Amino acid sequence: MKALKKVPKSKIVYAFSPKHKPAEHVKPGEEISLELEDAFGGQVRDEKIAIEKLDWSKVNGATGPIYIEGAEPHDTIAVRILDVKVADKGIIAVIPKQGALKEKPFKAKIKVVPISGGYAHFEREKVKVNPMIGTIGVAPKNGEQPTGTLGRHGGNMDVKEITKGATLYLPVFTKGALFAAGDLHAVQADGEACVSAIEVAGEVTLTFDVLKNLSISWPILETEDCYAVLTCGDSLDEACSLAVEEAVKALMREHGWSFEEAYMFTSLAVDLKINQVVDPKKGVRAVIPKRYVSIESFHVGDFRH
Ligand code: CA
């Protein structure tokens with residue numbers, strides 16, 4: 001049996017870019033594992049380090065990029081997340097002027113959080129781990145997107161359901177897609193209120209499929225029960241509006257409903273959830289139960305990115 005392809009964490013990028021040279025090539029269906037550094041770039045080894053001393057150019061990197069054979073602009077790739085493994089300790093930090101309470105006065109603080117037995121241990125409390133991939137995406141059409149931000153190409157979306165067993169559909173803008181992933185979290189709640197989660201190193205195992213007859217305008221996440229459209233905007237209002245619009249369009253395509261009918265139904269069956277509120281681009285998801293839509297419902301036809 002051929003050995004599983006493995007990409008070391010030294011193959012790190014700090015932007016999604018169509019100009020990057022691939023770190024590895026994969027065929028559709030071929031398993032690959034990526035070693036991921038934590039979002040602090042491995043710089044925090046204990047709680048004594050001063051936040052100001054960190055080299056911020058080494059923060060929020062992503063392993064890759066991976067060239068997916070056969071992927072071309074206007075296709076969609078399906079990223080199947082077979083496994084997400086995290087190290088036995090992670091780091092959480094609060095940073096002045098960051099997070100949902102950035103207007104409040106508070107001090108920088110770093111906490112090293114041990115992870116064992118399926119739990120992250122925080123002071124005397126413990127939180128069940130839910131290892132998830134914070135940053136995951138492909139190269140945009142033009143220019144480059146820093147790995148710290150998010151958009152139609154994916155990126156730093158911080159969706160707590162991007163985890164083992166899920167499939168993430170991403171639009172393809174450049175030949176080979178040039179996929180990368182980083183910013184693993186041992187656990188993160190919706191919102192990521194304080195600006196960091198339990199940032200941790202680890203390894204993810206993935207396969208990719210190329211869907212030639214599907215063209216989507218935003219990343220779509222498939223979980224066991226639901227499809228979720230992952231949108232973002234300069235404000236939560238804008239992000240919500242975009243998410244609802246995508247849900248309405250999917251319901252119209254699937255059921256042949258008018259805008260008004262699909263808009264009504266969205267109010268009954270589609271949950272809007274916050275991904276994160278701590279990036280300049282806020283992220284939300286519109287979550288639609290699978291009984292009402294399929295992945296083809298998100299096909300935007302002759303839409304050109
Ligand atoms: Ca993040």
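All figures in this text were calculated on a predicted structure; none of them were measured in a lab.
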Inset, instruction - Compute whether any side-chain donor of one residue and acceptor of the other, for Ser116 and His121, lie under 3.5 angstrom apart. - result: yes
Legend entry - Partners passing side-chain hydrogen bond (donor to acceptor under 3.5 Å, both in side chains) against Asp209 (at least two apart in sequence or in another chain): Arg80
Any ion pair linking [Y] and [X] (charged N to carboxylate O, less than 4.0 Å)?
| X | Y | value |
| --- | --- | --- |
| Glu144 | Lys19 | no |
| Glu37 | Lys9 | yes |
| Lys290 | Glu224 | no |
| Lys97 | Glu103 | no |
| Glu203 | Lys6 | yes |
| Asp75 | Lys212 | yes |

Legend entry - Steps toward side-chain contact (heavy atoms from CB on, under 4.5 Å) verdict (Ile198, His185): CA-CA 5 Å; Ile198 295 181; His185 295 162; 5.9 Å; no
When you measure from the side chain of [X] to the backbone N and O of [Y], does any donor-acceptor pair fall under 3.5 Å?
| X | Y | answer |
| --- | --- | --- |
| Ser215 | His299 | no |
| Thr266 | Ala262 | yes |
| Thr149 | Pro146 | no |
| Asp279 | Lys282 | no |
| Gln276 | Val278 | yes |
| Thr63 | Glu35 | yes |
| Thr174 | Ala177 | no |
| Glu199 | Ala197 | yes |

Inset, instruction - Would you please test Val204 and Ile133 for side-chain contact (heavy atoms from CB on, under 4.5 Å) and show each step? - result: CA-CA 9 Å; Val204 297; Ile133 308 170; 3.8 Å; yes
Inset, instruction - Name all pairs fulfilling the ring pair (Phe, Tyr, Trp, His ring centres under 6.0 Å) condition that reach into residues 149-169, sequence neighbours left out, sorted by first residue then second. - result: Phe16-His153
Inset, instruction - Taking all non-hydrogen atoms of both residues into account, name the closest pair between Gly182 and Leu36 and its distance. - result: CA-CD2, 3.7 Å
Legend entry - 4.5 Å side-chain heavy-atom contact, Glu30 and Lys5: yes
Inset, instruction - Report yes if some heavy atom in the side chain of Cys232 is under 4.5 Å from a heavy atom in the side chain of Trp218; otherwise report no. - result: yes
Inset, instruction - Can you sort out the partners of Lys164 under side-chain contact (heavy atoms from CB on, under 4.5 Å), two or more places apart, ordered by chain and number? - result: Asp83
Inset, instruction - Could you point out which residue of Ile68, Leu168, Ile32, Val172 forms a side chain to side chain contact (heavy atoms under 4.5 Å, CB included) with Phe179? - result: Ile68
